[in-house]
Amino acid sequence: MFRCIVGSLAWRLRIRLQNRMSHSLAAVCQVTATPDKEANFSACKQLVEEAKQRGASMVFLPEGFDYIGSSREETLSLSESLTGDTVSRYTQLARKLDVWLSLGGFHERGPKWETDRRIYNSHIIINEKGDIVSVYRKSHLFDVELPEKGVSLKESAFTIPGSSLVSPVQTPIGKIGLGICYDLRFPELSLALQRHGAEILTYPSAFTVATGAAHWEVLLRARAIETQCFVLAAAQVGQHHEKRSSYGRALAVDPWGEVLGDCGGEKPGMVLVEIDLDKVSSTRRNMPVQQHRRDSDFYDGVEKT
Ligand SMILES: O=C(O)CNC(=O)[C@H](CS)NC(=O)CCC(=O)C(=O)O
C-alpha cells in the first residue's frame, strides 16, 4: 500500500516535471531566405516540423522568413497583408502541429498601400490554435552607410516605422517582449519591455556580415545582462541573392548572459534550448539592478559644471 502511494506520487511528479520541461523548450532557427517565397515556406515548414518533433513548444523564425528581395521593387511587390496567403499558411501550420510561432519580420503591406506602396516590418506571434495573438512593427529602421565595409541599406525607403511597442505576450515558455533586428541596438526598448513584464526578449534578425561580426553577440548578451531576461535571436544566414548575405549565428542567451545555443555562421538549422524561468527570478533576486535603477529624472538631469 505504502509503496503503491509512493510509487504513484513519484510517477505523478515525473509527469509534472516532464510536462514542465516539454512546455519550455524553444527552437531558435536560422534560414537562408531568397526571393522565392514558395521555397522559403517549405524550408521554414520543415524546420518547424523538426522542432515540434524534437519537443519544442515554440519556434522562432527570423526577420525576412517570408523572403529577402533583391531590389526595392521586388521587396515591395512580394509583400502581403496579414490576411494574405503566407500568414494563413503559417496559422494553419501552427494549428496542425499544436505549436506557437514567432515570425520574426514579415513584409506587411501598410494601411495606405494602394497609394503610397509602403510596408511594415512586422513580428507576428501565433498561438498553438493558429490565432495571431500579437503584431509588433519594427520601430527603428536600418538606414546605414558603412562605405568601408560595403554596407549600404535604407530600410526607410520602403518601410514605415511602427508607432509603438507592444505588451509582452504570455506564451508556454514565458512572457515574451518583441523587437526586430536593428531594434537590438536600442537598450531603451529592451528596458521598457522588461519593465512591462518581459522574461524573454526576442530579436529575429537579418544582420549584415560586417556588423554581425563586430556587434551581434556582444549586443545580444548585453541586452540579456541588462534586463536579466532570456534573449532569443533567430537569424538569416548566408547568401540570399547576388547582392546580399547575412551573418547568421542565431543565438539563445540566458539572463546571466551565458550563450545557451548558437547556430553558427554557415548554414540553416536550429538550436533547442530549455527556458527555465527560475533563472530569471534568481538572477533578479541576487542582483536586483532593476530596483537599483534611479528614476528617469536622475539620468536626464546632469549637474552643470
Ligand atoms: O530588408 C528586408 O527585406 C528585411 N529587413 C532587413 O533585413 C533589415 C532592414 S534592411 N536589416 C537590418 O535591420 C540589419 C541590421 C543590422 O545589420 C545591424 O544593426 O547591424
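Read the numbers this way: they start at 1 and go in the same order the structure lists the ligands and their atoms.
Taking CZ of R249 as the start and CD of E217 as the end, the distance is 4.5 Å to the nearest 0.5 Å.
Aromatic ring orientation, Y90 versus F65: perpendicular (interplanar angle above 60°, classes split at 30° and 60°). Ring orientation note: the planes of H140 and F186 are close to parallel, at an angle under 30° on the 30°/60° scale.
For E148, the CD atom counts as densely surrounded, since its 6.0 Å shell holds more than 12 non-hydrogen atoms of other residues, nucleotides or ligands.
Residue T75 has no N or O atom closer than 3.5 Å to an N or O atom of ligand 1. An N or O contact shorter than 3.5 Å links T208 to ligand 1 by distance.
Listed for the R72 side chain is no donor-acceptor partner under 3.5 Å among the backbone atoms of F158.
Exactly one of R137, E108, E155 qualifies for a side chain to side chain contact (heavy atoms under 4.5 Å, CB included) with N121. That residue is E155.
Within ligand 1, the atoms closer than 4.0 Å to a non-hydrogen atom of A206 are 7 (O), 11 (N), 14 (C), numbered from 1 in the order shown. Of all the atoms in ligand 1, the ones that sit under 4.0 Å from a non-hydrogen atom of T211 are 16 (C), 17 (O), 18 (C), 20 (O). Close approach to C181 involves these atoms of ligand 1, each under 4.0 Å from a residue heavy atom: 11 (N), 12 (C), 13 (O), 14 (C), 15 (C).
Residue contacts with ligand 1 for R244 involve side-chain atoms from C-beta outward but no N, CA, C or O (heavy atoms, distance under 4.0 Å). Contact annotation for H107 and ligand 1: only side-chain heavy atoms (C-beta onward) come within less than 4.0 Å of the ligand. At a heavy-atom cutoff of 4.0 Å, ligand 1 is contacted by both the backbone and the side chain of F207.
Considering only non-hydrogen protein atoms, atom 10 (S) of ligand 1 sits nearest to L153 CD1, 3.9 Å.
Ligand 1 lies out of reach of K154, whose nearest heavy atom is not under 4.0 Å from it.
Salt-bridge annotation for R109 and E114: absent, with no side-chain N of the basic residue lying under 4.0 Å from a carboxylate O of the acidic one.
Nearest to atom 13 (O) of ligand 1 by heavy atom, out of E63, R185, E74, K138, is K138.
Stacking of R89 on the aromatic ring of F41 is recorded, both the 6.0 Å distance cut-off and the 45° axial limit being met.
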